[in-house]
Number of protein chains: 2
Amino acid sequence: MTEADMDARHRARMQRKKAVVERSIAAAREERGVLLVNTGNGKGKSSAAFGLVARALGHGLKVGVVQFIKGRSDTGEEAFFRAQPGVSWHVSGEGFTWDTQDRARDVATAAAAWDRARAFLADPGIGLVVLDELNIALKYRYLEIDTVLADLRARPAMQHVVVTGRAAPPELVAAADTVTDMGVVKHAFAAGVKAMPAMEW
Amino acid sequence: MTEADMDARHRARMQRKKAVVERSIAAAREERGVLLVNTGNGKGKSSAAFGLVARALGHGLKVGVVQFIKGRSDTGEEAFFRAQPGVSWHVSGEGFTWDTQDRARDVATAAAAWDRARAFLADPGIGLVVLDELNIALKYRYLEIDTVLADLRARPAMQHVVVTGRAAPPELVAAADTVTDMGVVKHAFAAGVKAMPAMEW
């Protein structure tokens, strides 16, 4: 195939693609807050939520973040976003569930974190709410799924919410607008690389 | 099962989990820059990369971003990160490939963008390089995979790189340390919701 043939084929392909894209865009007319769930075993669930925090701030929205499972207290995302105007950042808990090993304490901690989340979800001045690792709190039944769903449903119409964590419960997936399953193809950690700053925390 | 039984079972389960986690952490000792690839058809590939930009800035690293496919010029991420000290943000191109419909121009644009990427990849003062939608430029063969891999391999030892875009080429997946396939479970756009600011751009 000559260069001119390649160019012509490319142009024809892109014209067809443009028509498809334009039809999809014309069909999507509804404007409202979106409930996004990032789940799966792969890397990217929380970092994608933090990318949306930056995106929201770039559009002048206010953001509320609740981290339901505290891993470490020196993360790059917390240091960076706590310093940004327009961000309320709340870290809950005292460590990973395998560190506390105390279910009653974890349940009480999750309840307090949900109170904070509910305040964000009741505030129309907040354009994006991030509920980081909420799926873990639901998986261990530290929180009731029905309570969570009721508060999500009652939120302001234009407010976006991002929920992260492995093993999103099916009821939450059903209620969500957009759900991504982040699958591991490979991970540096399994190949012996430490959890590197800027990459994993 | 009584509450006390549940608590005891939880504690035993978490003790086993803690042992597994600690063995994995002890086995991962290598410290170096990681090559991360975010691919798949689902939402989150670019936003996860932008989350790592925030994370890197929180650790005091400098960041270079090259966007290989320009969608729109008013994104929240660009507005937000261009205003941050420590970020160099370069947007390449004149629109989606289905807008330009001009292969020769797209090839020239991609080559210029790769020159910018190569400058970041040669600079040990930059801790994180984001090559957003590079996979699309590779998929359409606007860039040679061998050139890209050679420059990635030659980068400073502690520099992290994130490549995003659907359909990552197998050679890039082979070279990467961490690869996530972001799968669509569902997407608001398909249900008729517009691409909302703060969520999709």
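Residue numbering restarts at 1 for every chain, and letters A, B, ... go by the order of the sequence lines.
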Chain B shares the most heavy-atom pairs under 4.5 Å, among A:G58, A:S47, A:G44, A:G51, with A:S47
Okay, B:M158 and chain A: the region with an atom under 4.5 Å from a heavy atom over there is side chain
One option among A:V184, A:T39, A:L61, A:V21 has the most heavy-atom pairs under 4.5 Å with chain B, and it is A:V21
Highest number of heavy-atom pairs under 4.5 Å with chain A among B:M6, B:R16, B:K45, B:E77 belongs to B:E77
B:H10 and A:D106 have their tightest heavy-atom pair at NE2-OD2, 3.8 Å
Honestly, the part of B:A54 sitting under 4.5 Å from a heavy atom of chain A is both
Applying a strict 4.5 Å limit to non-hydrogen atoms, the region of B:A168 in contact with chain A is neither
Max heavy-atom pairs within cutoff under 4.5 Å with chain B, candidates A:A49, A:G192, A:A8, goes to A:G192
Of all heavy-atom pairs linking A:V185 and B:T180, the shortest is CG2-C, 4.4 Å
Checking A:E30, A:R32, A:E31 against B:K194 for side chain to side chain contact (heavy atoms under 4.5 Å, CB included), the one that qualifies is A:E31
Exam field: side chain B:H59 to backbone A:W201, donor-acceptor pair closer than 3.5 Å
yes
Assert top hit (heavy-atom pairs under 4.5 Å, partner chain B, pool A:L36, A:L128, A:V20) equals A:L36
From the list B:G42, B:A176, B:A191, the residue making the most non-hydrogen contacts under 4.5 Å with chain A is B:A176
One should read off an interatomic distance between A:H160 NE2 and B:M199 CE, to the nearest 0.5 angstrom, of 5.0 Å
Q) Are any of the side-chain nitrogens in A:R55 or B:E200 under 4.0 Å away from the carboxylate oxygens of its partner? A) no
Whatever's closer than 4.5 Å to a heavy atom in chain A on B:V34 counts as both
Whatever's closer than 4.5 Å to a heavy atom in chain A on B:L35 counts as neither
Of B:A27, B:G127, B:G40, B:S24, the largest count of non-hydrogen pairs under 4.5 angstrom with chain A goes to B:S24
Do B:D177 and A:M196 come within less than 4.5 Å of each other through their side chains, counting heavy atoms only?
no
Whatever's closer than 4.5 Å to a heavy atom in chain A on B:V173 counts as both
Given A:R9, A:R13, A:E3, A:E78, the one with more heavy-atom pairs under 4.5 angstrom with chain B than any other is A:R13
Whatever's closer than 4.5 Å to a heavy atom in chain A on B:D74 counts as backbone
Most contact-rich option vs chain B, by heavy-atom pairs under 4.5 angstrom, among A:A79, A:G60, A:A56, A:G183, is A:G183
